[in-house]
Amino acid sequence: MDLTFWLVQGLGLGVILCTVLSFWQKEKWKMMLCFATTNAFMIAIYILSGSLLGGLLVAGALIRTIVYFIYNKSNKRPEPIVMIMFEIYYVVISIILWNNVFDLLMLINLVVVTYTSWQKDVRVLRFGYIFSSLLLIPYDILLGAYTTAVSEVIMLGSVIFSLIKYARVTKSSEDVAQRYFTANRHFWGSHVEKYQDFDMIISNTVDRTPFYNFGILKNHDKIYDTILEIKEKCKEEKVKEVAYVPFDANDYDKRASDAHMLQMFFPVVFNDVWMKLIDGFNLNNTKCKIQDVVYKEVDESCIDQIIDVYLRGYHAKTDVTKLTENEKLQVENLKHLNLTDVVDGFKVTAYLAYYNENPVSLVVMLSNDVEAFITKVSTVPIFRRKHIASSLMQYGISKQRLKGIQEIILCTDKYSSNEKFYAFNSFVEFGQAFALDVTDVSKYKDFIDNNTL
């Protein structure tokens, strides 16, 4: 074995190192930085192994990764023409320098990865890398780049593990709502009671408003009967009779149709929109306009500060003697927050922003090992529109990503200024829900029984 062989194996060790480092990255631009370094190693490996075509193809992949990196650093996806031009390059250079049928392995790999890495969905990206590894393992072995092949085996195992780990992350607003309120159990006193046709969300010991007390409609085959069941359960719990009807506004299916039909017969108490941060993206407005603002993850010793910011920022209350009975219940609940332990699979984490040691903004996150729900985002009025809340959210998101969190999810009012704020900051809608006042069912019953509008 000559020096070239050992040089190729040594460069392959560098590929293994970059591959392992990429596993720790939760932001897409950092992943691409690792992949760019990997590509630089592989250009040398393939040329030294006698495959000029392989080296030139990976050189194109390196340029593609750098271009994608620049776009993703700015929270943008490259225009389709950018992706198409790279695909054309791979095909043309392969035709010019075609050597044997094994060159197809590298060509197909790059065509697939260029497309999947252009997507916003990290799951699509992972499937692309599974396909890529299955093609590159035999290609590297045939070239004698054995350590590089080992790196592909490591990549394959890691991606399969990630797919299994994040398999339970769902985009269904019905399932997400149920998990969100389950996560709220030790933060907001919410609990979920599961029935055959609906899930009942009850938080009346802490918050008696309809925002935290309703039945989530699950059975769309017997809507009227399910609504009656929800009404009875609401009466038992002594809360407003509200049915929560989730749907995906982008899918014109039975659920969406049913939601809009029910809206015709029942008043809308509120219209939720469920949003998630685009995979691998950061918030756009993360640079605070005021210098010397400090961000911290806080523990139970800061409960009084959490309550202070919550009352001033969320309820616009500065005088605790003027709180409503419902607000007093909320404050009493916050006094007993557990910000230390993982309970029932979820951890409550509070983040505060300080100016001159004064707490001015609050963000709370409820997380398991794969997703985090953002809630109670609030800033004291005088500090609003200074990008403090968005920079504090980004601070919390970065902390959560270090713990392996992939999905960042929140719920806010549809058509509100908050929705616009989150949309600007790279959150996208994946579901809506009408919360309907079902106290009076007479009009809906007439429609069902007599087709009366």
Side-chain angles (χ1 to χ4, degrees), residues 12 15-16 18-19 22-23 25 28-43 45-46 49 51-72 77-143 145 148-164 166-167 278-280 406:
V15 173
I16 292 175
C18 292
T19 300
S22 70
F23 300 157
Q25 310 308 320
K28 197 170 181 180
W29 72 270
K30 290 182 180 179
M31 293 172 62
M32 289 186 170
L33 190 58
C34 292
F35 294 153
T37 307
T38 299
N39 288 339
F41 278 113
M42 292 179 73
I43 292 170
I45 288 170
Y46 290 145
S49 298
S51 176
L52 176 61
L53 174 58
L56 292 177
L57 285 173
V58 177
L62 173 59
I63 297 172
R64 176 209 69 205
T65 304
I66 293 172
V67 171
Y68 280 19
F69 167 84
I70 293 170
Y71 275 92
N72 277 275
R77 185 169 71 158
E79 292 79 8
I81 188 62
V82 174
M83 182 265 295
I84 293 170
M85 291 301 294
F86 282 111
E87 303 283 34
I88 292 173
Y89 167 80
Y90 303 139
V91 173
V92 171
I93 200 71
S94 295
I95 293 172
I96 294 173
L97 297 177
W98 180 267
N99 186 30
N100 56 55
V101 69
F102 297 116
D103 290 334
L104 271 176
L105 296 173
M106 176 59 77
L107 173 60
I108 296 171
N109 153 63
L110 288 177
V111 168
V112 170
V113 171
T114 298
Y115 174 74
T116 56
S117 59
W118 178 72
Q119 301 295 314
K120 292 182 178 180
D121 193 332
V122 168
R123 286 174 299 182
V124 174
L125 181 63
R126 290 194 176 109
F127 279 115
Y129 279 111
I130 287 177
F131 189 73
S132 170
S133 294
L134 291 174
L135 292 174
L136 287 182
I137 290 171
Y139 183 81
D140 293 338
I141 292 173
L142 287 167
L143 286 179
T148 306
V150 170
S151 76
E152 293 300 335
V153 173
I154 295 172
M155 172 68 81
L156 179 62
S158 170
V159 174
I160 291 174
F161 172 78
S162 296
L163 283 171
I164 295 171
Y166 296 111
I278 296 173
D279 290 330
Q406 173 177 302

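- To the nearest 0.5 Å, atom OG of residue S94 and atom CG of residue L56 are 9.5 Å apart.
- In terms of the side-chain contact (heavy atoms from CB on, under 4.5 Å) criterion, residue partners of V67 (sequence neighbours excluded) are, by chain and number, I63, Y71, V82, F86.
- With sequence neighbours excluded, no residue satisfies side chain to side chain donor-acceptor pair (under 3.5 Å) with T38.
- For the ring pair (Phe, Tyr, Trp, His ring centres under 6.0 Å) test, no residue two or more places apart in sequence or in another chain qualifies with Y68.
- Partners of I84 according to the side-chain contact (heavy atoms from CB on, under 4.5 Å) rule, which considers only residues two or more places apart in sequence or in another chain, are I88.
- When all heavy atoms of S151 and I16 are compared, the closest pair comes out as CB-CG1, 3.6 Å.
- Remark: Y89 pairs with no residue by the side chain to side chain donor-acceptor pair (under 3.5 Å) rule, at least two apart or across chains.
- For A59, the side-chain contact (heavy atoms from CB on, under 4.5 Å) test picks out I43, with sequence neighbours left out.
- With sequence neighbours excluded, the residues satisfying side chain to side chain donor-acceptor pair (under 3.5 Å) with Y46 are D140.
- For I81, the side-chain contact (heavy atoms from CB on, under 4.5 Å) partners are E79, M85, not counting sequence neighbours.
- Taking each heavy atom of A61 and Y90 in turn, the nearest pair found is CA-OH, 3.5 Å.
- By the side chain to side chain donor-acceptor pair (under 3.5 Å) test, S133 is found to be paired with E152, residues two or more places apart in sequence or in another chain being considered.
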Which side-chain N or O atoms in residues 97-112 pair as donor and acceptor under 3.5 Å with protein atoms at least two apart or in another chain?
{"unit_1": "N100", "atom_1": "OD1", "unit_2": "F102", "atom_2": "N", "d": "2.9"}
{"unit_1": "D103", "atom_1": "OD2", "unit_2": "N99", "atom_2": "N", "d": "2.9"}
{"unit_1": "D103", "atom_1": "OD2", "unit_2": "N100", "atom_2": "N", "d": "3.2"}
{"unit_1": "N109", "atom_1": "OD1", "unit_2": "S132", "atom_2": "OG", "d": "2.4"}

